[in-house]
Amino acid sequence: MVVRNVTAGLKRSPVTILFMAVLIDMLGFGIVIPVLPFYALEMGATAFEVTLLIASFSAMQMAATPVWGRISDRRGRRPLLIAGLFASAVSYLIFGLASSMLLLLISRLAAGAAGGTISVAHAYVADTTTAEERAHGMGLIGAAAGLGVMLGPAIGGFFSQFSLGTPGYVAAALCAANGIAAIFLLPESRPKEARTAVRTGQAATLRGWAGAMMSFPLSQLLAVYFLGITSFTAMTALLALYFERVFGTGAAEMGIMFTIAGGVTVVVRGYVLRLLVRRFGEIATVRTGALALAITFLLLPYLPSFAWAMLIVPLYAFGAGTLFPALATLTSFATDAESQGSILGGSQVVGGLGRVVGPIWAGLLFQEVAIATPFHVAAGLTVLAIILALRIPASLQLRRAQPAGAPGTGTSPAANQPPSFTAQDRA
């Protein structure tokens with residue numbers, strides 16, 4: 001009886017099922033990450049080749065994300081999400097079986113391509129939530145990803161004692177089991193008539209997609225996203241180096257700090273975000289999140305001891321946990337119903353670019369200028385993001401108050417067309 005009730009509850013809550021799909025997929029990602037450098041070194045890789053392996057995942061994910069989003073607009077979300085889970089399973093199986101650097105590289109490229117379905121997950125949320133609940137749904141997807149990345153390394157570390165390939169087998173089994181569960185439990189979020197109407201949307205053609213990405217207010221939202229994500233990723237990459245240089249902090253202390261950050265992020269995205277959006281709206285939440293990050297970046301270089309970092313980390317996690325899901329929600333509001341996958345996929349490309357260049361400029365400044373300089377630059381970039389966020393038109397948020405349309409779509413009739421904006425909105 002209990003199992004039947006749980007299954008019935010899951011079927012009534014597609015976002016819950018999607019949460020589990022993203023959680024397991026990112027759990028697999030987290031399982032292999034701590035093992036990857038040692039696995040590659042065992043095969044004779046150089047330090048540079050190890051960094052290429054790590055970067056190959058992000059590069060392939062960045063390339064695949066808009067493709068999967070566009071295809072899902074035309075073919076539906078469910079088949080691509082299921083295919084992504086099984087593709088992840090295959091990539092992790094290759095990882096476990098790898099006996100050469102070439103196979104290891106193939107496994108990471110395949111995992112990155114499969115990870116490109118994150119844009120489809122965001123589009124699924126846009127399809128299945130009302131405008132009022134969309135930020136909460138986006139936050140849940142982020143919470144699932146954060147929880148998976150937080151728990152995965154511990155699982156990977158445990159199974160690596162058997163062999164360095166064993167975590168790959170565990171990740172493959174989890175993703176395959178999740179794919180099978182999704183076949184039976186995950187419904188399609190995009191009706192057939194909506195898939196046939198995609199030819200009339202903002203992103204019906206490549207030229208239309210590019211034009212939409214550069215149009216107001218999407219360009220404004222994407223600029224805020226890029227500035228925020230490049231600063232956040234840069235600081236995440238440098239924290240261990242900075243604290244080791246200043247306070248002599250070791251891996252154990254940094255592990256505790258990142259675990260706290262991950263836990264706070266999960267709570268913020270899973271619960272606090274919903275309260276903030278209901279009370280203040282998405283635009284105010286974006287500005288608040290960016291402000292929290294800017295304050296964090298300003299404070300970090302002036303901490304008197306590492307213990308103070310444990311007090312700053314919740315603010316750091318709060319900023320990321322509110323800024324990025326709220327931006328994804330506003331991006332969804334600025335996009336017509338026929339182009340959610342394509343445009344949200346395009347936003348992930350912008351985010352991927354920020355995640356690639358952030359650690360690069362921060363590392364160069366850390367090494368060539370001064371170890372505190374990257375924090376000052378990140379704070380400046382985030383302040384610029386706040387200034388841009390002040391120009392997000394209030395009319396964009398008003399779509400949240402529109403009544404829902406067809407059941408299951410989470411959109412209103414008006415939401416099938418992109419909102420129009422006046423010259424006053426752009427000023």
Side-chain angles (χ1 to χ4, degrees), residues 62 65-66 69 119 122-123 125-126 131 134-135 138-139 142 201-203 207-233 273 276-277 280-294 319-337 339-355 357-358 377-402 414-415 417-427:
M62 187 168 59
T65 297
S119 64
H122 283 134
V125 170
R134 194 160 304 166
M138 296 290 186
Q202 285 170 289
R207 183 177 181 179
W209 174 80
M213 295 285 289
M214 293 186 288
S215 67
F216 182 87
L218 273 174
S219 59
Q220 194 87 358
L221 297 172
L222 294 178
V224 174
Y225 185 33
F226 177 82
L227 291 170
I229 199 71
T230 194
S231 301
F232 175 77
T233 309
L273 177 66
L276 286 175
V277 168
F280 302 106
E282 290 84 1
I283 296 176
T285 302
V286 164
R287 295 166 181 167
T288 302
L291 179 61
L293 285 181
T322 51
L323 172 61
F324 302 126
L327 275 174
T329 303
L330 291 172
T331 300
S332 174
F333 288 167
T335 306
D336 65 45
S339 306
Q340 292 287 326
S342 298
I343 299 299
L344 287 169
S347 73
Q348 290 299 312
V349 173
V350 174
L353 183 61
R355 282 187 286 270
V357 302
V377 172
L381 292 176
T382 312
V383 168
L384 179 58
I386 295 171
I387 294 172
L388 293 176
L390 292 174
R391 297 186 64 246
I392 298 174
S395 54
L396 182 61
Q397 189 172 280
L398 293 178
R399 291 165 67 80
R400 182 161 60 94
Q402 293 173 345
Q417 297 297 326
S420 58
F421 299 92
T422 65
Q424 186 176 358
D425 288 328
R426 301 167 191 267

**Request:** Report the residues that fulfil side-chain contact (heavy atoms from CB on, under 4.5 Å) with A320, sequence neighbours left out, ordered by chain and then residue number.
**Result:** F232, F324

**Fill in**
Shortest non-hydrogen pair, S231 vs A378, comes out as OG-O, 3.5 Å

**Prompt:** So do the side chains of F333 and T329 get within less than 4.5 Å of each other, counting heavy atoms only?
**Reply:** yes

**Message:** Ignoring hydrogens, what is the shortest heavy-atom contact between P325 and L273? Give both atom names and the distance.
**Reply:** CB-CD2, 3.5 Å

**Request:** Go through the steps for V224 and L327 under the test side-chain contact (heavy atoms from CB on, under 4.5 Å), then give the verdict.
**Result:** CA-CA 8 Å; V224 174; L327 275 174; 3.9 Å; yes

**Item:** pair L293-L323: side-chain heavy atoms closer than 4.5 Å
**Value:** yes

**Asked** Which residues pass the side-chain contact (heavy atoms from CB on, under 4.5 Å) test with L353, sequence neighbours left out?
**Response** M62, F226, V357

**Message:** Among residues at least two apart in sequence or on other chains, which ones pass side-chain contact (heavy atoms from CB on, under 4.5 Å) with T233?
**Reply:** I229, R355, P359

**Request:** Starting from the C-alpha separation in whole Å, work towards a yes-or-no answer on side-chain contact (heavy atoms from CB on, under 4.5 Å) for L227 and T382.
**Result:** CA-CA 6 Å; L227 291 170; T382 312; over 6 Å; no

**Request:** Nearest 0.5 Å please: distance from the CD1 atom of I283 over to the CG atom of L221.
**Result:** 8.5 Å

**Message:** Applying side chain to side chain donor-acceptor pair (under 3.5 Å), can you list everything that pairs with T230, at least two apart in sequence or on another chain?
**Reply:** W361

**Item:** Non-neighbouring partners of I386 that pass side-chain contact (heavy atoms from CB on, under 4.5 Å), sequence neighbours left out
**Value:** A290, L291, A294

**Fill in**
When every non-hydrogen atom of R287 is compared with those of L390, the smallest separation belongs to NH2-O, 3.3 Å

**Item:** Minimum-distance pair of heavy atoms, taken over all atoms of L388 and A223
**Value:** CD1-CB, 3.8 Å

